Amino acid sequence: MFVLAELKDTVRIPPWEFKRKLNDAITDELNRKLANKVYLDVGLCIALHDITKIEESYIFPGDGASHTKVVFRFIVFRPFMEEILIGKIRSCSVDGVHVTLGFFEDIVIPPNKLQHPSRFDQIEQAWVWEYDTGDGQKHDLFMDAGEIIRFRVISETFTEALPTGPNMSGETEKSEAKNTSPYTLGAAIDEPGLGLLTWWENT
């Protein structure tokens, strides 16, 4: 679920930080810049693990800050494909079941990857697994918000957010990127043992 990613960056340290140790100033700046942000094609950055290389610092004309090239390793959330995780149902919609891990919420289980057969209950706003009891009867198992769920990671999508300018009327155009997650996981529960933990606790 968590991996170490080696990254490179040029860190800018403002003059009022010169009194601190360079390592400490660089560490704080990297955490401020990257922690809790999605790095394209890398994953969700959590925290700095260590700094492996610090090159010479430079001060450019017109800028009193120092600029230092560093190589470092960051703890990144990026599950591998087919990994099984446990989360909590955040909400349900016609698009599927939305799951959260607490620190990461962009996980979607699409309708075709739910237990079969399943239907969406508009009144309850929940997906329902029509469980076959084996005697010709069906028992409705609701996937309610707040329930603990076990799922398999089957896909990941990185979306690069591009800046948008004002439209022709002079008003700032509402960016679709604001509504699009930079990193989304696709999941599945369409096999025995996956789904709500309460479904399998007595089996």
Side-chain angles (χ1 to χ4, degrees), residues 1-14 25-53 67-114 120 125 127 143 145-168 171-190 194:
M1 182 163 65
F2 296 101
V3 297
L4 279 180
E6 185 173 80
L7 304 171
K8 299 177 182 178
D9 199 2
T10 299
V11 179
R12 181 182 183 276
I13 305 298
I26 289 175
T27 296
D28 287 350
E29 181 60 23
L30 288 173
N31 277 320
R32 184 196 66 78
K33 185 177 181 180
L34 296 176
N36 204 32
K37 293 183 174 65
V38 172
Y39 202 105
L40 190 65
D41 296 328
V42 174
L44 175 66
C45 296
I46 304 298
L48 180 70
H49 181 265
D50 59 11
I51 298 172
T52 57
K53 185 179 181 182
H67 299 259
T68 309
K69 289 184 178 181
V70 294
V71 180
F72 56 95
R73 293 188 299 174
F74 226 85
I75 300 171
V76 174
F77 169 72
R78 189 179 187 181
F80 57 83
M81 293 300 103
E82 302 301 319
E83 183 173 359
I84 293 177
L85 301 176
I86 293 178
K88 184 182 291 186
I89 295 177
R90 183 165 56 92
S91 64
C92 292
S93 70
V94 292
D95 297 324
V97 178
H98 304 270
V99 181
T100 177
L101 295 176
F103 63 91
F104 184 78
E105 298 192 336
D106 296 306
I107 305 169
V108 181
I109 307 171
N112 65 317
K113 289 299 181 180
L114 299 173
F120 183 65
Q125 286 294 295
W127 279 91
M143 303 177 212
E147 292 279 0
I148 305 299
I149 188 170
R150 182 188 293 119
F151 59 92
R152 185 185 299 277
V153 177
I154 59 171
S155 68
E156 63 179 5
T157 305
F158 286 94
T159 304
E160 188 172 9
L162 299 175
T164 57
N167 59 22
M168 297 302 291
E171 297 177 359
T172 303
E173 190 174 311
K174 207 170 187 177
S175 174
E176 290 184 7
K178 290 182 179 178
N179 300 321
T180 303
S181 170
Y183 182 44
T184 305
L185 293 177
I189 59 169
D190 56 347
L194 298 183

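Atom set for the values below is all heavy atoms of this structure, side chains included, hydrogens, waters and symmetry mates excluded. These numbers were taken from a predicted model, which means no experiment stands behind them.
Remark: the backbone N or O of Glu105 is paired with a side-chain donor or acceptor of Arg90 at under 3.5 angstrom. In this structure, Glu83 contributes its side chain and Met1 its backbone to a donor-acceptor pair below 3.5 Å. Using a distance-only test at 3.5 Å, with no hydrogens or angles considered, no donor-acceptor pair links the side chain of Trp127 to the main chain of Val94. Ser91 places no side-chain N or O within 3.5 Å of a backbone atom of His98 that could act as its donor or acceptor partner. Remark: side-chain polar atoms of Arg152 are paired, donor with acceptor, to backbone N or O of Glu82 under 3.5 angstrom. Here the side chain of Arg12 pairs no donor or acceptor atom with the backbone of Glu29 at under 3.5 angstrom.
At least one side-chain heavy atom of Met143 sits under 4.5 Å from a side-chain heavy atom of Ile189. Inter-residue side-chain proximity for Phe104 and Val99 is flagged as unmet; no heavy-atom pair is nearer than 4.5 Å. Using a 4.5 Å cut-off on side-chain heavy atoms (C-beta onward), Ile75 and Leu4 make contact. Using a 4.5 Å cut-off on side-chain heavy atoms (C-beta onward), Lys8 and Phe72 make no contact. Residues Leu44 and Phe103 meet the side-chain proximity criterion, which asks for heavy atoms closer than 4.5 Å.
Heavy atoms only, all atoms of each residue included: Glu156 and Leu185 are closest at CB-CD2, 3.8 Å. Across every non-hydrogen atom of Gln125 and Cys92, the tightest pair is O-CB, 3.5 Å. Of all heavy-atom pairs spanning Thr52 and Glu6, the tightest one is OG1-OE2, 4.2 Å. Between Lys33 and Lys37 the shortest heavy-atom distance is O-CD, 3.1 Å. Closest non-hydrogen pair, Pro110 versus Ala187, comes out as CD-O, 3.4 Å. A pairwise comparison of heavy atoms in Leu114 and Val97 identifies CD2-CG2, 3.8 Å as the closest pair.
Interatomic distance, Ile149 CD1 to Lys88 NZ, rounded to the nearest 0.5 Å: 12.5 Å. The distance from the CG atom of Leu48 to the CD1 atom of Ile26 is 10.0 Å, given to the nearest 0.5 Å. Atom CD1 of Ile46 sits about 11.0 Å away from atom CG of Asn31, to the nearest 0.5 Å. Here Asp50 contributes atom CG and Arg73 contributes atom CZ; the two are 4.0 Å apart, rounded to the nearest 0.5 Å. In this structure, OG1 in Thr68 is found 6.5 Å from CD1 in Ile13, a value given to the nearest 0.5 Å. Rounding to the nearest 0.5 Å places CG of Asp190 at 9.5 Å from CD1 of Ile109.
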**OP:** Kindly indicate, with the supporting measurements, whether the criterion side chain to side chain contact (heavy atoms under 4.5 Å, CB included) is fulfilled by Leu194 and Phe151.
**Re:** CA-CA 6 Å; Leu194 298 183; Phe151 59 92; 5.9 Å; no
Subject >> Derivation and outcome, side chain to side chain contact (heavy atoms under 4.5 Å, CB included), residues Lys69 and Lys53 >> reply: CA-CA 8 Å; Lys69 289 184 178 181; Lys53 185 179 181 182; over 6 Å; no
Original post:
Going through the checks in order, is the side chain to side chain contact (heavy atoms under 4.5 Å, CB included) test met by Leu85 and Val153?
Top reply: CA-CA 8 Å; Leu85 301 176; Val153 177; 3.9 Å; yes
**OP:** Take Glu160 and Phe158 through the side chain to side chain contact (heavy atoms under 4.5 Å, CB included) test and state the conclusion after the steps.
**Re:** CA-CA 7 Å; Glu160 188 172 9; Phe158 286 94; over 6 Å; no
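Heavy-atom neighbours of Tyr39 OH from other residues, nucleotides or ligands within 6.0 Å: at or below the threshold of 12.
A perpendicular orientation is assigned to the rings of Tyr183 and Phe77, their planes being inclined by more than 60° (bins at 30° and 60°).
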